[in-house]
Amino acid sequence: MTMLTVEHTTVYRYARPVALHEHRLMCRPRDSHDLRLIETGLTITPAASVRWLHDVFGNSIAIASFEEEATDLSFVSTFHAEHFPNEPQKLEVEEFARYLPFSYSVQEIADLGRTSERHYPDPLHRVDLWAKSFVLREEGNPETLDVLMAMNAAIKEQFTYARREEMGVQTPEETLDKGSGSCRDFAVFMMEAVRSLGLAARFVSGYLYDASLVGAEVDEGTEVVGGGATHAWMQVYLPGAGWVEFDPTNALFGGRNLIRVAVARDASQAVPLTGSFTGASNDYLGMSVDVKVSVA
C-alpha cells in the first residue's frame, strides 16, 4: 500500500479581462478496490459555482460556471489517497483467453461494445502488421499476456517520447511515420493495435508516480516519463483479470505506478480540462500546468 498526495495546478492567463464560460474538469480519481480516496479538494480562482455529475463511463465530472471576468484563471485540484495496486504476476486470465486468438463471451461482448472496434483508418494495414508481428513470433497459439507485454515494451523501445502541449492525439499512422509521440499518442496506438487482434481496449487519463524516485536524484534514462502533468495509458479487457493497465510510454504493466482519473472509449472523451472564453483572438497568453506528487 502506498500513501499518495497529489496537487495539480492549471493556470490560464489573458492579456485583459475576459468573460469565462463553463469549464469541464476531470480531476477526481476513481475510487476502487485498488484506490481509496481519503480527502479531496478543488480551489478555483476567480470564484465559480461547481456542479458534479457522472459521465457515461462513470467518471466524476465537475462543471464550473463563472460570473466575473478575469485576467487569470486557476484550478488547483488536490487529493490524498491510499493505493493498493495488483501485482502483475497475480493476474489470473480465464483458460479460454490465455492464448490468442480467443472470443469474448456473448454476455461480455454486448457490454464491451465499441471498445473492441477500430477507431482509426488503417488502409495499408500498417498497424495490423505491426500488431501481428508479435503474434507470429512463436509457433502455435501465443499466450495473450506475452503478446500484450511484448507490445507494451516494444513501443517504449521503438518510439521516442515527445511531450506535446497541443490538443488532440496523433493517428496511429502518424505515430508510425514520426517514430515519436506523447503518452496519449502511444496509448491510442496500442489501443488500435490490440483492437486489430479482436481485443477490447480503453483510454485512461490520470497520474504517474514512482515511489522509489519521488524526491530522489536519479540517473538520466532511469526515470519514468510523462510525469509533471496528467498522464495517459490504456487498458485491455481480459476475461478473468478484468481491465488490465498497460503504460506503453514506460513499459509499465498492471497499474503499479498509475492513478486512474478517467477511462473512456476514445481519448477525446477523457480530456482533463476544457472550457472557453469570450474576448479578442490575441487575449489568450498561455497556460501552465504543474503536478506535484508526494509519497509517504
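Since the model is a prediction, treat every value here as computed from it, not as a measurement. Computation of the quantities below employed the complete heavy-atom set of this structure, encompassing side-chain atoms and omitting hydrogens, waters and symmetry-equivalent molecules.
- Between the side chains of Thr175 and Gln170, at least one donor N or O sits under 3.5 Å from an acceptor N or O.
- Counting heavy atoms from C-beta outward, Tyr209 and Ile259 have side chains that approach closer than 4.5 Å.
- Between Tyr104 and Tyr237, the ring-plane angle classifies as tilted under the 30° and 60° cut-offs.
- For Phe186 and Trp233, the distance between ring centers is not under 6.0 angstrom.
- Legend: residues meeting side-chain contact (heavy atoms from CB on, under 4.5 Å) with Arg30, ordered by chain and number and at least two apart, are Asn59, Val263.
- Residue Phe102 is grouped with residue Leu197 when hydrophobic side chains (ILVMFWY) are merged at heavy-atom distances under 4.5 angstrom, including chains of intermediate members.
- Defined by atom type and a distance below 3.5 Å, a donor-acceptor pair is missing between the side-chain atoms of His21 and Ser276.
- Between Phe134 atom CZ and Leu148 atom CG the span is 10.5 Å, to the nearest 0.5 Å.
- Below 30°, between 30° and 60°, or above 60°: for His23 and Phe66 the angle between ring planes is above 60°, a perpendicular geometry.
- Taking CG of Leu42 as the reference point, atom CZ of Phe75 lies at 8.0 Å (rounded to 0.5 Å).
- Gln235 is not listed as a side-chain neighbour of Phe246, based on a closest heavy-atom distance of 4.5 Å or more.
- You'll find the ring centres of Phe277 and Tyr12 outside the 6.0 Å limit.
- The structure places CG of Leu91 at 8.0 Å from CG of Leu238, a figure rounded to the nearest 0.5 Å.
- Using a 4.5 Å heavy-atom cutoff, the side chains of Ile61 and Arg24 are in contact.
- Arg126 has a carboxylate O that lies under 4.0 Å from a charged side-chain N of Asp177, or vice versa, which qualifies the two as a salt bridge.
- Legend: side chain to side chain donor-acceptor pair (under 3.5 Å) pairs involving residues 115-124, not counting sequence neighbours, sorted by first then second residue: Arg114-Glu117, Arg118-Asp122, Arg118-Asp128, Arg118-Glu192, His119-Arg195, His119-Arg265.
- Considering only heavy atoms from C-beta on, Val93 comes within 4.5 Å of Leu145 through its side chain.
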Do Asp290 and His8 pass the side-chain hydrogen bond (donor to acceptor under 3.5 Å, both in side chains) test, and can you show the C-alpha distance, the side-chain angles, and the key distance before you say yes or no?
CA-CA 6 Å; Asp290 181 57; His8 180 177; over 6 Å; no
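- Two residues are said to be in side-chain contact when any heavy atoms from C-beta on lie closer than 4.5 Å; Ile155 and Phe189 meet this criterion.
- Within the 4.5 Å cutoff, the side chain of Val291 has no heavy atoms near those of the His231 side chain.
- When the side chains of ILVMFWY residues are joined at heavy-atom separations under 4.5 Å, either directly or via intervening members, Val11 and Tyr284 end up in two distinct hydrophobic clusters.
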